[in-house]
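See structure below.
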Amino acid sequence: SASSARAAGARCACERACAAVGFAHHGGGLRRGLSRHGLEFSPQYIAEGMGNVSGGLETGSVYNGLLILELEIDLDRLARWSGASLHAASLFPHGESPSEHLTGDAFAVSNLDAPHTMRLFELWLEQQFGDGRLSIRAGQMAADEEFAFTEQGSLFVNASFGWSPMVGLNAPAPIYPQGAPGARIAW
């Protein structure tokens, strides 16, 4: 997914930090014990610094960060509800917008650019049928987590390579950093 791709670079550092405080990803700890019961907690932190050396609104540099807290609950392991899972994700984007403070562009220079507030991003329940061949998901979802994104787009800094900026500017959609109520069926 798009947010997972953004987090890939920060995942190793986060796992080292979690292991240092006893919240180990591998080899034991609280995280392993929760996992046996179907609870997977994934804290992630992404940081970036950007600068504008010429043109735009002004020259200078800014810092952006994104804290992502995700919880995956396997309801089969936790409550013996076969094929069911619950997903929750919250976001805390913070820092200064390079687009707003430095460049003045319409399409957002940074993939992390968002208002400074802690928010519930996604909260959905999914039921799978037929060994995962059919699934129904309902709750608060983000369209750019499964639809209209490119994995390769996460390699670029400019947000134009994610959800289409032309669509996003013309028609509000449930995309990063805000999900919306919805449902989807996949087969």
Side-chain angles (χ1 to χ4, degrees), residues 1-26 29 31 40-72 87-124 140-180:
S1 71
S3 66
S4 296
R6 287 190 295 266
R11 188 163 281 132
C12 289
C14 182
E15 287 177 357
R16 283 193 303 273
C18 288
V21 296
F23 198 69
H25 179 68
H26 299 291
R31 196 168 182 179
E40 295 284 342
F41 178 64
S42 301
Q44 302 166 34
Y45 187 77
I46 305 168
E48 68 182 10
M50 292 190 165
N52 183 27
V53 296
S54 173
L57 300 174
E58 65 179 86
T59 59
S61 60
V62 295
Y63 168 84
N64 272 320
L66 176 63
L67 174 64
I68 305 168
L69 300 174
E70 289 186 286
L71 178 64
E72 298 282 343
H87 170 84
S90 64
L91 305 176
F92 180 53
H94 55 280
E96 293 187 63
S97 166
S99 294
E100 184 179 332
H101 297 283
L102 300 176
T103 63
D105 65 304
F107 291 158
V109 171
S110 168
N111 287 326
L112 305 182
D113 205 339
H116 308 248
T117 57
M118 184 74 152
R119 66 192 71 227
L120 179 64
F121 181 48
E122 291 191 305
L123 178 61
W124 45 257
Q140 180 167 312
M141 301 182 291
D144 60 344
E145 289 296 302
E146 289 190 289
F147 309 102
F149 75 93
T150 64
E151 290 291 336
Q152 294 77 16
S154 67
L155 300 173
F156 300 98
V157 174
N158 188 308
S160 296
F161 295 101
W163 184 266
S164 172
M166 295 307 291
V167 172
L169 288 175
N170 292 309
I175 59 172
Y176 171 84
Q178 187 62 49

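The structure presented is a predicted model; accordingly, all values stated were derived computationally and were not measured.
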Going from [atom1] on [X] to [atom2] on [Y], what distance comes out if it is rounded to the nearest 0.5 angstrom?
X    : Y    : atom1 : atom2 : answer
S90  : L67  : OG    : CG    : 7.0 Å
E122 : E70  : CD    : CD    : 7.5 Å
L102 : S110 : CG    : OG    : 11.0 Å

Indicate the atoms forming the closest heavy-atom contact of [X] with [Y], along with that distance.
X    : Y    : value
A114 : Y176 : CB-OH, 3.9 Å
F121 : Q140 : O-NE2, 3.1 Å
R119 : P177 : CD-O, 2.7 Å

Residues 54-66 side chain polar contacts: donor-acceptor under 3.5 Å, at least two apart:
unit_1: Y63; atom_1: OH; unit_2: Y45; atom_2: OH; d: 2.4
unit_1: N64; atom_1: ND2; unit_2: E48; atom_2: OE2; d: 3.4
unit_1: N64; atom_1: ND2; unit_2: E96; atom_2: O; d: 3.3

Partners passing side-chain hydrogen bond (donor to acceptor under 3.5 Å, both in side chains) against N52 (at least two apart in sequence or in another chain) | none

Could you pull out all residues at least two apart from E72 that satisfy side-chain hydrogen bond (donor to acceptor under 3.5 Å, both in side chains)?
-> H87

Criterion side-chain contact (heavy atoms from CB on, under 4.5 Å) against M50, the qualifying member of S97, P98, S99 = P98

Under a 4.5 Å cut-off applied to non-hydrogen side-chain atoms, are M118 and L69 in contact?
-> yes

